[in-house]
There are 2 protein chains.
Amino acid sequence: MIKAEKMLRQSGKRVTRQRVLILDIINQTKGHIAAEEIYRLAKQKSPRMSLSTVYRALQVLKKEGLVEGIDLGNDRYHYEIKRQDHHHMVCRGCGKVIEFQCPFGKELMSRLAEENDFEITGVSLTLSGYCPECRRKKAGNSN
Amino acid sequence: MIKAEKMLRQSGKRVTRQRVLILDIINQTKGHIAAEEIYRLAKQKSPRMSLSTVYRALQVLKKEGLVEGIDLGNDRYHYEIKRQDHHHMVCRGCGKVIEFQCPFGKELMSRLAEENDFEITGVSLTLSGYCPECRRKKAGNSN
DNA sequence: ATCCGTTTTGCAAATGGTTTGCACTAAGAT
DNA sequence: ATCTTAGTGCAAACCATTTGCAAAACGGAT
């Protein structure tokens, strides 16, 4: 029994074809994917898949800690497999997203937790700026 | 001429009653405020204020770098006066938001910029977890 | 102060990502 | 194989945010 299946069962959730398919799709995605795109891909394998099932599965998978929703400053949320200590840089020019490792250690987190009397369960660090190409474009035209 | 007024003019934007009022409201807010709430407050002073004006002003003020939109994991965005180096901790229990100073220095930022060949213009760090009260509640009941 | 061109506003309607109600289907325990 | 209950599919609802358009009002020039 794979990890995801176990986690679902342990929380009393059922392991359905749809959930497995949706999780697979997110798994096979390098980086992040939007709900609509998951839906599009899922439909290719399971034509009766509905968009609400995608959203509902996403909620469950998030709550179970298998999947993470991220705000990339777009109009929609994006989802990805929950991993430790990785964050995003979003280019304000082209929207490209670069991932990078968490640059600070546990000491910092526990210091913050202590200083603010807060139990920290999640860290979201998003940098925005400009990638090399967009930097060049910015320098080029004068607007 | 105050800073905000100058910044607006410099970018060819007009300094309207509405924009000034909206900026004032955000300014007077400790922490963050949602568009709907700005609207509610603005209407008290200027009853014909419309919600779309709030949203449009917010866009302008954001683009001019006076105001910042933050995603607190809610269903709506929140806005606050743009300041340097301050971040948020959101309690998953009660939604309370604690602010804290940016815990990493310029060296780290420039290292990240260099390593990823990325010009960093913005940093958003949001921690989530549990405040003391909600931690107690969690320990208390067994769900 | 007034006039004018252009930006903003107010209002109402549209948008669009996400959620929900409900009858039907299918996990998974017995 | 049966039964109970959670999950699905579909269509409709939600609701924060955006948009079209005519009227209002900035602000530069007169």
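Below, read A as the first sequence line, B as the second, and so on, with proteins coming before strands; counting in each chain starts at 1.
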**Student:** Please check if any side-chain donor atom of A:Glu64 sits under 3.5 Å from a side-chain acceptor atom of A:Ser11, or the reverse.
**Tutor:**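 Note: A:Glu64 and A:Ser11 side chains meet the donor-acceptor criterion.
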
**Student:** Measure from CD1 on A:Ile22 to P on D:dG9 and round the result to the nearest Å.
**Tutor:**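 Rounded to the whole Å, the gap is 8 Å.
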
**Student:** Would you say B:Arg9 reaches D:dG27's phosphate, i.e. side-chain N/O to OP1/OP2 under 4.0 Å?
**Tutor:**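 Affirmative; the distance criterion is met.
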
**Student:** Going by number, which of residues 30-38 of chain A have a non-hydrogen atom under 4.0 Å from DNA chain D?
**Tutor:**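 Under 4.0 Å from DNA chain D: no residue of residues 30-38 of chain A.
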
**Student:** When the distance from CG of A:Asp71 to C1' of D:dA16 is rounded to whole Å, what number comes out?
**Tutor:**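 Rounded to the whole Å, the gap is 14 Å.
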
**Student:** Check this for me, if you would: do A:Lys45 and A:Asp24 make a salt bridge, where the nitrogen-to-carboxylate-oxygen distance has to be below 4.0 angstrom?
**Tutor:**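 Looking at A:Lys45 and A:Asp24, the cut-off is not met.
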
**Student:** When the nearest nucleotide of DNA chain D is assigned to B:Val15 and to B:Leu51 on a heavy-atom basis, which residue is associated with the more 5' position?
**Tutor:**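 The residue whose closest nucleotide sits nearer the 5' end is B:Leu51.
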
**Student:** Whole Å only: how far is the CZ atom of A:Arg76 from the C1' atom of C:dT15?
**Tutor:**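 Taking CZ of A:Arg76 and C1' of C:dT15, I get 12 Å after rounding.
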
**Student:** Should B:Arg111 and B:Glu107 count as an ion pair when the cut-off is N to O under 4.0 Å?
**Tutor:**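 No, this pair does not count.
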
**Student:** Answer yes or no: is there an ion pair linking B:Glu37 with B:Arg40, defined by an N-O contact shorter than 4.0 Å?
**Tutor:**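 Here B:Glu37 pairs with B:Arg40 in a salt bridge, since their nearest N and O are under 4.0 Å apart.
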
**Student:** Should the pair B:Lys30-B:Glu99 be classified as a salt bridge under the 4.0 Å nitrogen-to-oxygen rule?
**Tutor:**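 A salt bridge is absent here (no side-chain N lies under 4.0 Å from a carboxylate O).
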
**Student:** Spell out protein contact along nucleotides 2-8 of chain D as letters: B when the base is contacted, S when just the sugar-phosphate is, - when no protein heavy atom is under 4.0 Å; keep the 5' to 3' order.
**Tutor:** ---BBSB

**Student:** What I want to check is whether the side chains of B:Glu80 and B:His86 have a donor and an acceptor closer together than 3.5 Å.
**Tutor:**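 The criterion, which ignores hydrogens and geometry beyond distance, is satisfied for B:His86 and B:Glu80.
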
**Student:** Is it true that A:Glu68 and A:His78 share a donor-acceptor pair across their side chains at a distance under 3.5 Å?
**Tutor:**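 No donor-acceptor contact under 3.5 Å links the two side chains.
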
